[in-house]
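The next block holds one structure in the form of structure tokens; read it before the comments.
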Amino acid sequence: MHTVEDRTDRFELIAASDGDRLGTLADSVLSAGCELSVRQEPTAQLVMQRAVEPVEGQPFNLGEVVVTVAEVLLDGAKGFAMVAGKDERRALSGAIVDAAVAADHECRSEIESQLREAADEQAAERQEQWAHTRETAVEFNAMEEDT
């Protein structure tokens, strides 16, 4: 289970959240009168998508994908977010949420609850997609020749 205490887990929880949820959380943090400094404006960038070849287990570069990154300083705590696609609002909101958790902001428990809820929703959606995909599985039988 992901926790907000572990920053890598927190990044994954933020990535699982949609822009509206992150925007609402960021607005809650900012409404408390925090000191916010944007260290890196939300910027679209290309990053290399890596995958692992299933037979040999060797990593390879699948191709480039667009991400949006942002970095903030909130009451002395650094916040960072990288989200898939070109989505400046979501990236900036995610960075604010990350910094709020790092700063142990008064909204931390609500942030943790909302991030876990988003992760649970994403997991349920993936499970539903997997169940649907399994219905279309094809089984192959090999025919052997008599010798």
Side-chain angles (χ1 to χ4, degrees), residues 1-140:
M1 174 183 272
H2 296 301
T3 64
V4 296
E5 290 81 23
D6 182 284
R7 196 157 191 223
T8 301
D9 286 351
R10 189 163 64 240
F11 288 153
E12 289 185 30
L13 291 169
I14 289 170
S17 300
D18 63 51
D20 290 337
R21 185 184 310 254
L22 289 174
T24 300
L25 290 171
D27 288 344
S28 295
V29 169
L30 296 176
S31 68
C34 301
E35 184 179 326
L36 176 70
S37 167
V38 177
R39 300 190 72 178
Q40 179 181 348
E41 293 286 334
T43 308
Q45 300 177 1
L46 290 173
V47 296
M48 188 59 66
Q49 172 80 38
R50 296 201 81 183
V52 176
E53 187 271 323
V55 176
E56 296 286 328
Q58 296 295 318
F60 67 97
N61 293 330
L62 186 61
E64 292 180 321
V65 294
V66 176
V67 297
T68 305
V69 297
E71 187 177 354
V72 301
L73 195 61
L74 180 81
D75 289 341
K78 290 182 183 179
F80 176 83
M82 178 187 297
V83 299
K86 190 172 184 319
D87 195 340
E88 290 87 358
R89 179 177 181 260
R90 186 169 165 231
L92 184 58
S93 297
I96 292 169
V97 166
D98 178 47
V101 172
D104 201 22
H105 189 274
E106 64 188 52
C107 295
R108 182 184 168 127
S109 62
E110 177 62 20
I111 289 171
E112 184 171 359
S113 171
Q114 288 292 318
L115 292 180
R116 284 205 176 130
E117 184 177 311
D120 290 346
E121 289 170 3
Q122 184 184 58
E125 182 179 314
R126 284 184 177 167
Q127 190 66 25
E128 183 179 317
Q129 289 174 343
W130 176 245
H132 178 71
T133 303
R134 288 184 66 206
E135 293 174 5
T136 63
V138 177
E139 291 186 31
F140 294 94

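Just so it is clear, the values below take in all heavy atoms, side chains as well, and ignore hydrogens, waters and symmetry mates.
Note that CG of L74 and NE2 of H105 are 6.5 Å apart. Values are rounded to the nearest 0.5 Å. With rounding to the nearest 0.5 angstrom, the CG atom of L115 is 9.5 Å from the CD atom of E110. Here the CZ atom belonging to F60 is positioned 9.5 Å from the CD atom belonging to Q49, to the nearest 0.5 angstrom. In this structure, CZ on R7 lies 4.0 Å from CG on D98, to the nearest 0.5 angstrom. One distance of note links CD of E106 with CD1 of I111; it measures 10.0 Å at 0.5 Å rounding.
Residues A77 and A103 approach most closely at CB-CB, 3.6 Å, considering heavy atoms. S93 and G23 get closest at one heavy-atom pair: OG-CA, 3.5 Å. Nearest heavy-atom pair, F80 versus F11, reported as atom, atom and distance to 0.1 Å: O-CE2, 3.3 Å. A pairwise comparison of heavy atoms in A118 and S17 identifies CB-OG, 3.4 Å as the closest pair. Minimum heavy-atom separation, A95 to A70: CB-O, 3.7 Å.
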Residue pair E112, L13: steps toward the side-chain contact (heavy atoms from CB on, under 4.5 Å) verdict: CA-CA 9 Å; E112 184 171 359; L13 291 169; over 6 Å; no
Residue pair V97, V29: steps toward the side-chain contact (heavy atoms from CB on, under 4.5 Å) verdict: CA-CA 8 Å; V97 166; V29 169; 5.6 Å; no
Side-chain polar contacts of residues 30-48 - donor-acceptor pairs under 3.5 angstrom, sequence neighbours left out - could you list them?
residue : atom : partner : partner atom : Å
S31     : OG   : D27     : O            : 3.4
S31     : OG   : S28     : O            : 2.8
T43     : OG1  : E41     : O            : 2.7

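No more than 12 heavy atoms of other residues, nucleotides or ligands lie within 6.0 Å of CD in E128, so this atom counts as exposed by the packing criterion.
For residues 77-92, the salt bridge (Lys or Arg N to Asp or Glu O under 4.0 Å) pairs, not counting sequence neighbours, are D20-R89, K86-E88.
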